[in-house]
Amino acid sequence: MEQNKSKAQPMGLALDVTLTAMFTAITAVLSQVAIPIGPVPISCSLIAVYLTGLLLSPKLAVLSQVVYLLLGAVGVPVFANFGAGIAKLAGPTGGYLVVYPVLALGISLAMRLYDKKIADKQSKSKAALGKRVAFLAVTLTLALVLCYATGTIWFVLYSGASFQKALSLTVIPFIAGDIVKIILCVILTISLRPLFLKTVKKHRP
């Protein structure tokens, strides 16, 4: 039994490393789907951050986003529009990046409550589906508000712009697109998360 346990540990570690690397890569790839419109580009990076929290354990969710930031910090062009470097993290839009691990952690912790109280896999009623959709939408909306708040305050402190000016540059132009991202992630979570978790569980020793 001890021998089986010793074999399972490296296998479990390998799976964790694979999942972490996979979601780091997803974040890097989706960050390049970006349109530069000002100091903050329109990008799909938040979709990756949301999915990281929605699908991974808290530890792996945080780790994947920390690795993403570290890669960018050391010069790997993983930030939007192939940006990289400490200057990018410390720049006017750095607040939107450094909060990624916090967002992933918060969402992942919320998903523990979701699995315990909300995700009734046996019920296909409209009420049960509505409850799941509402929980996910509220969770992601709160994460988005935290992202907006951190990024805007950082931008104000860095640039000296007024709070109203910062909102007009870094929040208001993105609201409609960010709502679409939340809707997309809710749909993906409802439809694909059970299969993803089942697959991970199957390969975990």
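Quick caveat, the model's predicted, so the values are computed rather than measured.
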field: Under 3.5 Å donor-acceptor, R193 side chain and L54 backbone
entry: yes
message: Under a 4.0 Å threshold between the charged nitrogen and the carboxylate oxygen, would K181 count as salt-bridged to D178?
response: yes
L56 backbone acceptor or donor facing S108 side chain under 3.5 Å: yes
task: Would you indicate whether the side-chain heavy atoms of I175 and Y148 approach each other to under 4.5 Å?
output: yes
message: Looking at Q65 and A104, would you say the former's side chain and the latter's main chain have a donor-acceptor pair under 3.5 Å?
response: no
task: Could you tell me whether R112 atom CZ has more than 12 heavy atoms of other residues or ligands within 6.0 Å of it?
output: no
- line: Nearest heavy-atom contact between I190 and P194 is O-CD, 3.9 Å
- prompt: Can you check whether K165's main-chain N or O pairs, donor with acceptor, with S168's side chain at less than 3.5 Å?
  reply: yes
- request: Without swapping roles, check the side chain of T24 against the backbone of S64 for a donor-acceptor pair under 3.5 Å.
  value: yes
- request: On the 0 to 90° scale, with breaks at 30° and 60°, tag the F23-F196 ring pair as parallel, tilted or perpendicular.
  value: perpendicular
- prompt: Would you say the side-chain atoms of W154 pair up with the backbone N or O of G91, donor to acceptor, closer than 3.5 Å?
  reply: yes
message: Centroid separation under 6.0 Å, is that true for the rings of Y68 and F79?
response: yes
